[in-house]
Each structure stands twice: as structure tokens, then as C-alpha cells.
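Below you'll find the structure, written out as C-alpha cells, and then a few comments.
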Number of protein chains: 2
Amino acid sequence: MEESRPRLEVWCAGKEWCPITSTATLIGKKWHPVIVHRLLKNGPLGFNALKEEVDGISSKVLSDSLEDLEDKRLVDRAIVSEKPFRVEYSLTDHGESLRPIITEMRDWGQEYLKPVENEESSIG
Amino acid sequence: MEESRPRLEVWCAGKEWCPITSTATLIGKKWHPVIVHRLLKNGPLGFNALKEEVDGISSKVLSDSLEDLEDKRLVDRAIVSEKPFRVEYSLTDHGESLRPIITEMRDWGQEYLKPVENEESSIG
DNA sequence: CTGTATCCACAACGATACTG
DNA sequence: CAGTATCGTTGTGGATACAG
């Protein structure tokens, strides 16, 4: 149940506020949309599980990205066990609310993009 | 009328291709979504007209962004007059196809974000 | 009008190694 | 398991001035 939640505050640079610019500032990073997508799809994930899901990302970049998403109140970090040490990353309500954007990005990519062949494809 | 158009080719880094990562690579820049939005909303625009629309952007950054969007086949640049020199930027079909994403970003920003008060608001 | 040239600052990304 | 430290590279953004 959601009481009308306070909106996230974002800094406004120009004369009049632009919601698209602000949104781009929040999620317009290379890995942010994928991270959000994986959390949307799989629910709460531990660090390494998330790293597995986000193919190709390094520990540092994932760590940095998660910290940024936390700062922006799109992701929550919870310690679920001390021994062994386990954490879980999940989406806040604001993070969840990004679903339509992420879904559109996925659909668009599937419809209009084509991955370039790797060398491996032609080897062997 | 569109024959099924060849899809844009994008470089795939990981083991399996992720449409979201690729999409984020294409439009995951601070100004790209706004620029696309302004072209969606206003149709073809000249450089300075576009600069006016994209509040706060510098000439260089707009120029760089447009060049990048051109390289990615999302924007077309046409010279419409030599004297006085006039160009027009418009969206390619692929650029147009971004509309649902941009719309979602705008809607989300309007719904969940709130611009921070400027100092000016409290001065006077 | 439509940009480019420069120079600069800082953010993002990445590989490797190392820690609690 | 869940990161941080370090270092280096590249990318992104920005101010100012100048050019075709």
C-alpha cells in the first residue's frame, strides 16, 4: 500500500525544470539500467549473484554503481547475515517504479538492435 | 512505409548479448534523451533552435552530442541552405522509434521527481 | 548562423590485487 | 562472501574564444 510517497528531489540546473534531463541524470549511466533490470527480474540479490547477472561488470564498477543507486534512493542494501557475511540488494519503491522505462529499453533493444558477431563465431 | 529495416549493429562485450546494456550505451548520456525528445516534439530543428530547446547545454556539448547521435544513426543532419548557412537536425526512423522510452522517462520524471528549490526562490 | 579549437575538470570505467 | 585500494585510461561535460 502506498501513501503518495514524497518524490525524489533532484537538482535543477536550467531556467525551467526538465523531467527528462533529471531522469537521465539518475539512470543515464552505462550499467544502471541493467542493474535495475536484474533486480526487477530476480528480486533481491547478493553482490556476487548480481555480478553474475550483470555480465561483464567488474566488482569495483558494480560496487560504485550500487553506491550511486543507493544514494539516489533507487536501491536498498540490507545485511542479512553476519556469519557468513551476506547482503541483499533490492529496489526501493522508486526503483520499482522504473519498470516501464526499463521494459521499454529492453523491448527497443530487442526490436531495433543487433549484436555484432564475435570473432569466435567465425573461428573453428 | 517501412520494409523491415536492418537493425542497428551494436558491439557485444559479454558472453551473451544484453539489449538493455546496448540501449544504455546508445542513449545513456546526460543530454541524449532530451535532445531526442526535443526533436520528437518539435520536428526538425536548426542548431541554435535546438540549443534553445535544450536548456543549459553549451554549443560544444550539443555539437558533440549530435555528432554522436549521428554516428549512431539516431539523428540526421541536413544542410538546407548555404547562404545563409542553415542546417536541420531530425530523427532517423530509429531515432523516432525511441519515442516510447523517452515518453516513459518524461512521465516517470514528472511523477516521481521534484526539482529542488533554487536559492532565488527564497531571496527577495 | 553553425559550429570548431582549446584547455580543463571531473566522472566513469576497467584490470589487478588485496582485505575483513 | 562482499567488497576496497590503487592506478591508469577514456569519456563527458563545460567555459571561453575563435572560424567558416
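The sequence lines fix the lettering, A, B, ..., with proteins before strands; numbering per chain opens at 1. Values in this document were obtained by computation on a predicted structure and should not be read as measured data.
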Would you name the heavy atoms of [X] and [Y] that are closest together and state the gap between them?
{"X": "B/Gly109", "Y": "A/Trp17", "value": "O-CH2, 3.3 Å"}
{"X": "B/Arg106", "Y": "A/Pro19", "value": "O-CB, 3.8 Å"}
{"X": "B/Tyr89", "Y": "B/Leu39", "value": "O-CD2, 3.4 Å"}
{"X": "B/Ser97", "Y": "A/Tyr112", "value": "CB-CZ, 3.4 Å"}

Can you tell me the distance, in whole Å, between the [atom1] atom of [X] and the [atom2] atom of [N]?
{"X": "A/Glu67", "N": "C/dC13", "atom1": "CD", "atom2": "P", "result": "14 Å"}
{"X": "A/Phe85", "N": "C/dT19", "atom1": "CZ", "atom2": "P", "result": "18 Å"}
{"X": "A/Ile35", "N": "C/dA12", "atom1": "CD1", "atom2": "P", "result": "12 Å"}
{"X": "A/Asp64", "N": "D/dT6", "atom1": "CG", "atom2": "C1'", "result": "13 Å"}
{"X": "B/Ile79", "N": "D/dG20", "atom1": "CD1", "atom2": "P", "result": "16 Å"}
{"X": "B/Ile57", "N": "D/dG13", "atom1": "CD1", "atom2": "C1'", "result": "9 Å"}
{"X": "A/Leu69", "N": "D/dG3", "atom1": "CG", "atom2": "P", "result": "14 Å"}
{"X": "A/Asn48", "N": "C/dG20", "atom1": "CG", "atom2": "P", "result": "18 Å"}

Using OP1 and OP2 only, check whether a side-chain N or O of [X] sits under 4.0 Å from [N].
{"X": "A/Lys30", "N": "C/dG14", "answer": "yes"}
{"X": "B/Ser63", "N": "C/dT4", "answer": "yes"}
{"X": "B/Trp31", "N": "D/dG14", "answer": "yes"}
{"X": "A/Arg77", "N": "D/dA2", "answer": "no"}
{"X": "A/Lys60", "N": "D/dT6", "answer": "no"}
{"X": "A/Tyr89", "N": "D/dC1", "answer": "no"}
{"X": "A/Lys29", "N": "C/dA12", "answer": "yes"}

| message | Within the 4.0 Å heavy-atom criterion, would you say B/Val61 contacts the bases, only the backbone, or no part of the nucleic acid? | response | base
| Nucleotide nearest A/Val87 (side chain, heavy atoms from C-beta), chosen from D/dA15, C/dG3, D/dG3 | D/dG3
| query | From D/dG20, D/dC1, D/dG3, pick the nucleotide closest to the side chain of A/Ser59? | reply | D/dG3
| query | Under a 4.5 Å cut-off applied to non-hydrogen side-chain atoms, are A/Asp55 and B/Cys18 in contact? | reply | no
